[in-house]
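As structure tokens, the structure follows; a few thoughts come after it.
As the structure is a computational prediction, the values presented were derived from the model and not from experiment. No hydrogens, no waters, no symmetry mates; every other heavy atom, side chains included, goes into these values. The residues of the chain are indexed from 1 along the displayed sequence.
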Amino acid sequence: MNPTDTPQAGADVHAELAAGVESWRSKVHDLARDIHANPELSFEEVRASAGIAALLREGGFTVEAGTSGLPTAFTATAGSGELTVALCVEYDALPKIGHACGHNLIAGASVAAALALAPLADKLGITLKAIGTPAEEHGGGKSLMLEAGAFDGVGLSLMVHPVQDGVTYNPAGTSAQAVGRYRATFTGKASHAAAAPHLGVNAADAAVLSQVAVGLLRQQIPGDHRVAMYVAEAGHATNIIPELAVVEFECRAFTLPEYEALLVRVRRCFEGAALATGTTLEIESTEPLYEPLLQDDDLAANWIAAMNVLGKDTSPAAGMSGGSTDMGNISQAIPSLHPWLSIPGADVGIHSHAFAALADTPAAYDVMFEAAKALAWSTADAATNPSQRSRFIEAAYTRPTKESRA
């Protein structure tokens with residue numbers, strides 16, 4: 001669909017939603033700043049989750065805490081229309097570098113959009129859910145919540161993600177990689193490193209060999225594949241042959257078949273290291289698999305139309321984007337939108353100390369509120385466009401049964 005052909009909810013509804021975002025600006029700004037100033041890791045976002053839930057209650061939402069058995073998850077609901085819309089709210093931070101992925105801005109944009117939409121939910125014929133999804137960075141909160149039923153009945157889902165300056169606001173054709181994370185444990189035999197080294201089996205050597213093997217493998221994998229790893233444990237004293245070594249690693253690719261093929265090759269690097277050193281090897285998954293991200297064409301067109309009104313660059317994107325998100329799991333099951341939010345002046349990459357600082361600037365909060373308006377407008381347009389509305393109602397998510405999986 002051409003963005004210019006996208007029917008809109010109407011200028012009056014758009015104006016009311018924009019005014020609604022502005023009416024909550026001060027409180028949402030304070031909330032986003034507080035989240036940034038008090039970073040909390042995956043599944044530990046107690047302060048952020050409580051603060052967001054409190055503000056949504058103030059805005060008329062009914063809030064269920066601890067959704068899907070996750071203490072820092074929540075579901076806030078307003079309206080009772082036939083079409084169920086989910087705005088995903090992220091708020092976890094990164095170890096040591098805080099909100100270097102700008103989740104304070106993700107939370108602020110979704111919350112502001114939800115607060116603006118709530119008074120119009122029944123008019124738009126929607127049941128609006130702001131779903132607090134912990135542990136995006138590590139832990140796959142959305143995947144766990146999807147499997148547990150938090151997204152049952154949802155017909156479309158939206159959120160935004162901040163990135164560096166210069167990235168187009170056009171999400172069409174963009175994606176994110178599948179990622180799987182694993183722990184490889186090598187077990188050897190301890191011995192005195194001076195008196196009897198020949199009696200030991202050095203697990204640290206296996207960790208080194210696995211790193212070398214993966215490093216050499218990188219020449220032979222496609223340029224858009226990624227393998228990352230670090231040694232979490234490899235000995236504790238120089239006079240003891242290390243009997244245990246632990247390597248954390250991840251694999252990424254843009255399609256599941258490519259990801260699975262890459263994982264096989266990487267596993268062989270670890271297996272070869274174990275064979276060469278005489279250690280035993282155990283590889284276990286540490287997190288749910290993050291699936292590739294799918295951008296819904298209709299929702300992308302609605303977003304592009306909103307960004308054009310706001311004067312943003314909506315030139316076509318180059319295509320695939322790096323990184324991964326558990327929103328990919330939602331997008332594989334439910335029509336979804338996960339557009340990129342370019343922060344003016346942010347000339348550094350995400351997941352850095354510098355980007356963490358830039359996520360707490362006036363420019364960042366200004367685009368956060370623009371994104372909130374665009375999320376609200378895109379939702380309203382989807383709800384009032386007859387063909388989109390019908391499609392999204394029909395797409396309401398139902399978890400697969402054991403029979404359907406078989």
Test item: N38 side-chain N/O and D34 main-chain N/O as donor-acceptor pair under 3.5 Å: yes

Any donor-acceptor pair under 3.5 Å from E291 side chain to Q332 backbone: no

Distance-minimising heavy-atom pair for V367 and P344: CG1-CD, 3.7 Å

Pair listing, ring-ring contact (aromatic ring centres under 6.0 Å, His included) test, anchored in residues 267-290, at least two apart: F249-F270

Within 6.0 Å of CD in E284, more than 12 heavy atoms from elsewhere: yes

For residues 143-160, dump all side-chain donor-acceptor pairs below 3.5 Å to protein atoms at least two apart in sequence or in another chain.
{"residue": "D152", "atom": "OD1", "partner": "R399", "partner atom": "NE", "Å": "3.1"}
{"residue": "D152", "atom": "OD2", "partner": "R399", "partner atom": "NE", "Å": "3.0"}
{"residue": "D152", "atom": "OD2", "partner": "R399", "partner atom": "NH2", "Å": "2.8"}

Side chain to side chain contact (heavy atoms under 4.5 Å, CB included) partner of C251, chosen from I221, V266, V179: V266

Inter-residue atom distance D224.CG - F254.CZ, 0.5 Å rounding: 5.5 Å

Worked verdict on R25 versus E22 for salt bridge (charged side-chain N to carboxylate O under 4.0 Å, His left out): CA-CA 5 Å; R25 176 182 281 264; E22 289 301 320; 2.9 Å; yes

R218 CZ: over 12 foreign heavy atoms closer than 6.0 Å: yes

Minimum heavy-atom distance between A130 and F74, given as atom pair plus value: O-CE1, 3.5 Å

D313 backbone acceptor or donor facing T168 side chain under 3.5 Å: yes

Polar side-chain atom of N104 near backbone of I35 as donor-acceptor pair, under 3.5 Å: no

Sequence neighbours excluded - ring-ring contact (aromatic ring centres under 6.0 Å, His included) pairs with any residue from residues 111-150: none

Under-4.0 Å salt bridge between K373 and E370: no

Non-hydrogen atoms of L83 and A383 that approach each other most closely: CD2-CA, 3.9 Å

All side chain to side chain contact (heavy atoms under 4.5 Å, CB included) counterparts of P242, not counting sequence neighbours: N202, A204

Listed partners of R267 passing side chain to side chain contact (heavy atoms under 4.5 Å, CB included), at least two apart: L263, E271, I283

Minimum heavy-atom distance between I350 and V163, given as atom pair plus value: CG2-CA, 4.2 Å

Nearest non-hydrogen partners of Y91 and T133, listed with the distance: OH-N, 3.6 Å

Donor-acceptor contact present, side-chain S336 to main-chain I334, <3.5 Å: yes

P335 to L299 - nearest heavy-atom pair and separation: O-CD1, 4.0 Å

Contacts of E137 that satisfy side chain to side chain contact (heavy atoms under 4.5 Å, CB included) - sequence neighbours left out: S42, D92, L94, C101, H103, H351

Flag, side chain of R226 to backbone of Q177, donor-acceptor distance under 3.5 Å: no

T127 side-chain N/O to T84 backbone N/O, donor-acceptor pair under 3.5 Å: no

Beyond-backbone contact of R252 with L262, side-chain heavy atoms, under 4.5 angstrom: no

